[in-house]
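The block underneath contains the structure these notes are about, expressed in structure tokens.
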Amino acid sequence: MNNLTTKQPEQNDPLDALLREADGYIPDNGFTARVLTSLPARRKHSWWRFAVLSTAMLIGAVLVLWQLPAAYAIFSSLPRHWSAFQWQTLFAIVPLLAALASFGWVVFAVANEDQ
Amino acid sequence: MSFTDADLIARVLLREDQNAFGELVRRHQSPVRGFLMKVTGGDTHLADDLAQEAFLKVWKKLGSFRSEGKFSTWLFGIAHNEWRMSVRGRKEVALEELADQPPEAEQTDDAAGSHLRMDLAEAMKALTAAERAAIVLCCQNGLSHEEASQALDCPLGTVKTNVLRGKEKLRRRLAL
């Protein structure tokens with residue numbers, strides 16, 4: 001049975017035989033050495049990098065949790081008191097936004113560590 | 001004692017062992033350079049440059065290799081991608097156009113008589129790039145159609161068609 005999804009070359013097909021014969025070995029001739037000399041340093045997944053990122057993530061998470069109740073109170077009062085909106089309100093949100101941004105950045109950095 | 005590809009990959013990932021990587025390169029350089037030489041139409045220098053770039057990518061991305069598949073399939077995929085990018089970079093004909101492009105004046109069965117018998121290397125040049133890549137992977141490097149479709153990043157049916165069509169053209173050209 002001729003199953004096209006598995007190995008294709010047929011043993012008695014002259015073209016397949018010719019193709020196999022024509023695929024000769026190419027001598028290295030210093031190719032491997034050239035590749036090895038041009039290798040860049042691979043980025044190591046060092047323990048300190050992991051520690052720094054984990055600590056930063058922890059600090060970010062704590063800041064977010066710390067700011068969250070205050071921010072929730074501000075946001076929930078906004079629709080009812082638009083007229084009472086003050087710049088101080090906006091400044092109160094800034095630390096939360098900063099904490100959220102740093103937390104997001106750390107998550108992004110950890111997620112893209114392999115690339 | 002000889003190490004398997006998986007052993008060598010593990011050594012590279014765990015110890016950043018350049019000797020192990022060198023052994024991987026030595027084992028696979030011939031098929032990869034041969035493959036690139038054929039898809040570039042016999043341009044040895046370009047093929048070697050692309051092969052070198054492909055192995056550098058392998059060094060950087062080895063951590064993302066999934067051991068369920070064959071290392072050679074993954075490697076051919078990277079090599080093929082390097083070639084594709086070089087074609088795009090040189091603003092040459094896009095791969096899709098290459099695939100659709102009729103090779104050169106197709107010879108009729110009559111014209112392909114014994115007096116016009118070409119050697120295989122010349123006959124391969126008459127194939128489209130996609131046909132050549134599929135033939136080299138499946139018929140010369142022993143990849144299955146599924147593996148070739150992974151390496152070439154194209155549908156399985158396209159690989160099968162390219163192999164069949166390419167072989168048919170070669171048969172006509174070589175009068176086999």
Side-chain angles (χ1 to χ4, degrees), chain A residues 1-58 104-115, chain B residues 12-13 16 18-19 21-35 37-38 44 47-48 51-56 58-64 119-121 123-124 134-146 148 156-157 159-160 163-164 166-168 170-171 174 176:
Chain A
M1 194 175 90
N2 185 15
N3 184 358
L4 284 175
T5 61
T6 54
K7 294 278 182 188
Q8 300 82 41
E10 295 162 20
Q11 296 301 317
N12 52 359
D13 183 340
L15 178 59
D16 282 324
L18 187 64
L19 284 165
R20 279 194 299 272
E21 280 168 22
D23 189 36
Y25 179 80
I26 299 173
D28 189 275
N29 287 340
F31 176 81
T32 301
R34 280 200 300 282
V35 171
L36 291 181
T37 51
S38 58
L39 289 183
R42 274 160 52 82
R43 197 170 63 183
K44 290 184 177 178
H45 296 257
S46 53
W47 65 269
W48 61 265
R49 180 181 162 80
F50 178 73
V52 167
L53 286 174
S54 304
T55 309
M57 186 186 276
L58 196 66
W105 180 80
V106 171
V107 170
F108 180 78
V110 170
N112 289 279
E113 199 178 13
D114 277 342
Q115 290 172 21
Chain B
V12 174
L13 291 176
E16 209 161 308
Q18 290 204 359
N19 290 329
F21 188 72
E23 180 55 31
L24 274 176
V25 177
R26 255 185 295 279
R27 275 184 196 179
H28 295 279
Q29 60 86 19
S30 175
V32 169
R33 288 165 74 197
F35 167 68
M37 217 175 285
K38 279 154 196 153
T44 315
D48 275 7
Q52 187 164 343
E53 283 302 314
F55 280 111
L56 289 180
V58 168
W59 171 258
K60 289 178 196 164
K61 293 179 158 187
L62 199 56
S64 65
D119 68 6
L120 182 63
M124 289 284 276
I135 294 253
V136 172
L137 290 184
C138 295
C139 305
Q140 296 192 308
N141 287 286
L143 268 67
S144 66
H145 286 130
E146 288 88 349
L156 180 61
V159 171
K160 289 181 184 179
V163 169
L164 287 174
K167 283 171 84 170
E168 192 47 48
L170 287 178
R171 277 200 187 91
L174 297 165
L176 286 172

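Remember, it's a predicted structure, so these values are computed and weren't measured experimentally. Sequence lines set the chain letters: A, B, ... in the order given, protein chains first and strands last, and positions in each chain run from 1.
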side-chain contact (heavy atoms from CB on, under 4.5 Å) between Asp48(B) and Arg34(A), worked out: CA-CA 10 Å; Asp48(B) 275 7; Arg34(A) 280 200 300 282; 4.0 Å; yes

Stepwise side-chain contact (heavy atoms from CB on, under 4.5 Å) check, Lys167(B) with Asp16(A): CA-CA 9 Å; Lys167(B) 283 171 84 170; Asp16(A) 282 324; 3.1 Å; yes

Which portion of Ala121(B) sits near chain A, non-hydrogen atoms under 4.5 angstrom: neither

Closest approach of Trp59(B) to Pro40(A) (non-hydrogen atoms, all atoms of both residues): NE1-O, 2.7 Å

Choice from Leu36(A), Leu39(A), Leu18(A), Val35(A) maximising heavy atom contacts with chain B below 4.5 Å: Leu39(A)

Validation row: Gln29(B), Asn29(A) side chains within 4.5 angstrom (heavy atoms): no

Greatest number of heavy atom pairs closer than 4.5 Å to chain A - which of Ala51(B), Ser64(B), Ser30(B): Ser30(B)

Nearest atoms (heavy-atom pairs only) where Arg33(B) meets Phe31(A): NH1-CB, 3.6 Å

Stepwise side-chain contact (heavy atoms from CB on, under 4.5 Å) check, Met37(B) with Ile26(A): CA-CA 11 Å; Met37(B) 217 175 285; Ile26(A) 299 173; 3.9 Å; yes

Approximate separation, where rounding is to 0.5 Å, of Phe55(B) CZ and Thr32(A) OG1: 7.5 Å

Spatial distance of atom CG (Leu170(B)) from atom CG (Leu15(A)) [nearest 0.5 Å]: 5.5 Å

Engaged part of Ile135(B) at the chain A interface, taking heavy atoms whose separation is under 4.5 Å: side chain

Lys/Arg-Asp/Glu bridge criterion (N-O < 4.0 Å) met for Asp28(A), Arg27(B): no

Polar side-chain atom of Gln140(B) near backbone of Leu19(A) as donor-acceptor pair, under 3.5 Å: yes

Derivation of the side-chain contact (heavy atoms from CB on, under 4.5 Å) call for Gln52(B) and Ser38(A): CA-CA 9 Å; Gln52(B) 187 164 343; Ser38(A) 58; 3.3 Å; yes

